[in-house]
Amino acid sequence: MDENGYHYQLMRRAIALIDAEDGRSRTLEEIAEEMNLSPAHFQRLFSRWAGVSPKRYQQWLALDHAKRLLAERHTMLDTADAVGLSGSGRLHDLFVRWEAMSPGDYAKGGGGLEIFWGWIESPFGPALLMATGKGICGIGFAAETGAEATMSDMLSRWPKAHFTEDPVALQPYAEQAFPRERSNNPPLQLFLIGAPFQIKVWEALMRIPTGHVTTYADIADAIGNPRAVRAVGTAVGRNPISWLIPCHRVLRKSGGLGGYHWGLPVKRTMLAWEAAETA
């Protein structure tokens with residue numbers, strides 16, 4: 001049994017149970033019983049995945065977690081580099097090498113581009129990984145949307161590209177995307193395929209440290225276009241490299257989660273997982 005996929009399903013069910021209680025904390029015994037596991041077994045599996053106890057994790061999965069994040073770990077992108085925040089995140093502990101497709105090539109809809117793809121298991125359920133010879137160009141998650149919809153979505157982004165299923169060629173990229181160890185990781189290579197405005201937004205997203213959040217308005221300010229909040233939201237939603245370009249760290253000004261292309265349960269799990277990692 002794949003541990004990543006199995007553990008994500010446990011977390012997904014735990015989130016559903018916690019949300020259904022509208023803020024009432026569930027005991028370890030209650031959650032374990034509903035998952036048909038002994039308390040000790042559930043505690044062991046849960047702690048191995050999240051790094052903290054179920055009780056502590058529930059605090060990060062609570063309905064007001066996003067508001068607490070916004071109040072306590074709100075990153076202003078125009079000052080993040082100055083105060084050193086961009087060096088504290090998981091993604092930013094790695095050497096990130098990224099390249100963007102030229103506007104002219106993007107306008108061709110991916111014509112002449114060779115994209116390799118394959119399904120892998122991630123901490124957040126089944127993930128569709130796509131890459132070119134220049135790096136990872138796409139990650140989509142299927143836990144909430146389903147494999148067929150996820151595949152159709154990703155293929156439609158570059159309709160004239162040539163797609164080849166090749167899990168073997170993707171293996172090094174899979175290890176980059178979801179490394180088992182934080183140390184001695186190879187350089188993270190990303191290949192951004194998008195319009196110039198989208199790429200500016202995605203570059204700003206990569207400046208949000210792990211465990212921190214920002215808002216759509218902050219991103220608009222950071223890219224020098226404060227009136228473009230709605231357009232920023234659209235570009236965030238079209239981010240093709242989910243998780244590595246952390247669109248899940250963007251919240252509404254009110255502290256609401258906003259949307260997430262691959263389903264809000266996935267977004268909430270990612271935020272809680274990062275909170276546990278940086279605690």
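- Between Leu205 and Ile219 there is a side-chain heavy-atom pair separated by less than 4.5 Å.
- In this structure, the separation between CG on Leu113 and NE2 on His162 is 11.0 Å, given to the nearest 0.5 Å.
- Between Leu271 and Leu257 there is a side-chain heavy-atom pair separated by less than 4.5 Å.
- Note that CH2 of Trp119 is 12.5 Å distant from CG of Leu170, once rounded to the nearest 0.5 Å.
- Annotation: Glu114, atom CD; neighbour count of heavy atoms from other residues, nucleotides and ligands within 6.0 Å is above 12.
- Residues passing the side chain to side chain donor-acceptor pair (under 3.5 Å) test with Asp166, sequence neighbours excluded: none.
- A distance of 9.5 Å separates CG in Leu129 from CD in Gln176, rounded to the nearest 0.5 Å.
- Of all heavy-atom pairs spanning Gly194 and Ile199, the tightest one is O-CD1, 3.4 Å.
- In plain terms, the two heavy atoms of Phe191 and Ala100 that are nearest each other are CE1-C, 4.1 Å.
- The closest side-chain heavy-atom distance from Phe42 to Met35 is below 4.5 Å.
- A distance of 12.5 Å separates CD of Glu175 from CG of Leu188, quoted to the nearest 0.5 Å.
- The two residues Ile136 and Ala177 make their nearest non-hydrogen contact at CD1-CB, 4.2 Å.
- Checked by atom type and distance alone, the side chain of Gln171 never pairs as donor or acceptor with a backbone atom of Val168 at under 3.5 Å.
- Looking at Glu274 and Arg249, their side chains come closer than 4.5 Å, going by heavy atoms from C-beta outward.
- Using modelled atom types, no side-chain atom of Tyr260 and backbone atom of Gly237 make a donor-acceptor pair closer than 3.5 Å.
- For the pair Thr150 (side chain) and Gly146 (backbone), a donor-acceptor distance under 3.5 Å is present.
- Taking the six-membered ring for Trp, Trp273 and Trp243 have ring centres closer than 6.0 Å.
- For Glu30 (side chain) and Thr27 (main-chain N/O), a donor-acceptor pair under 3.5 Å exists by modelled atom type.
- Side-chain atoms of Phe124 and Met270, non-hydrogen and from C-beta on, do get closer than 4.5 Å to each other.
- Annotation: salt bridge (charged side-chain N to carboxylate O under 4.0 Å, His left out) contacts involving residues 101-113, sequence neighbours excluded, comprise Asp105-Lys108.
- A side-chain donor-acceptor contact under 3.5 Å links Ser156 to the backbone of Asp153.
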Go through the steps to decide whether Leu37 and Leu45 satisfy the test side-chain contact (heavy atoms from CB on, under 4.5 Å), and finish with yes or no.
CA-CA 10 Å; Leu37 296 172; Leu45 290 175; 4.3 Å; yes
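- Across all their heavy atoms, Thr269 and Pro265 have their closest contact at OG1-O, 2.7 Å.
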Check step by step if side-chain contact (heavy atoms from CB on, under 4.5 Å) holds for Ile139 and Leu128.
CA-CA 5 Å; Ile139 300 179; Leu128 176 61; over 6 Å; no
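- Pairing each heavy atom of Ser122 with each of Phe141, the nearest pair is OG-CE2, 3.4 Å.
- No side-chain heavy atom of Lys267 sits under 4.5 Å from any side-chain heavy atom of Trp262.
- Between Arg207 and Ala222, the closest heavy-atom pair is NH1-CB, 4.3 Å.
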Yes or no on side-chain contact (heavy atoms from CB on, under 4.5 Å) for Cys137 and Leu192, after CA distance, side-chain angles and deciding distance?
CA-CA 6 Å; Cys137 66; Leu192 278 55; over 6 Å; no
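- Side-chain contact between Tyr216 and Val250 is present, with at least one heavy-atom pair separated by less than 4.5 Å.
- At least one side-chain heavy atom of Ile193 sits less than 4.5 Å from a side-chain heavy atom of Tyr106.
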Does Phe116 form a side-chain contact (heavy atoms from CB on, under 4.5 Å) with Phe163? I'd like the steps, not just the answer.
CA-CA 6 Å; Phe116 302 95; Phe163 294 89; over 6 Å; no
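- Judged purely by atom type and a 3.5 angstrom limit, Trp202 has no side-chain atom pairing as donor or acceptor with the backbone of Cys247.
- The stretch residues 230-240 participates, sequence neighbours left out, in no side-chain hydrogen bond (donor to acceptor under 3.5 Å, both in side chains) pair at all.
- Remark: Trp117 CH2 to Leu155 CG distance equals 8.0 Å, nearest 0.5 Å.
- Atom CG of residue Leu251 and atom OG1 of residue Thr214 lie 8.5 Å apart, to the nearest 0.5 angstrom.
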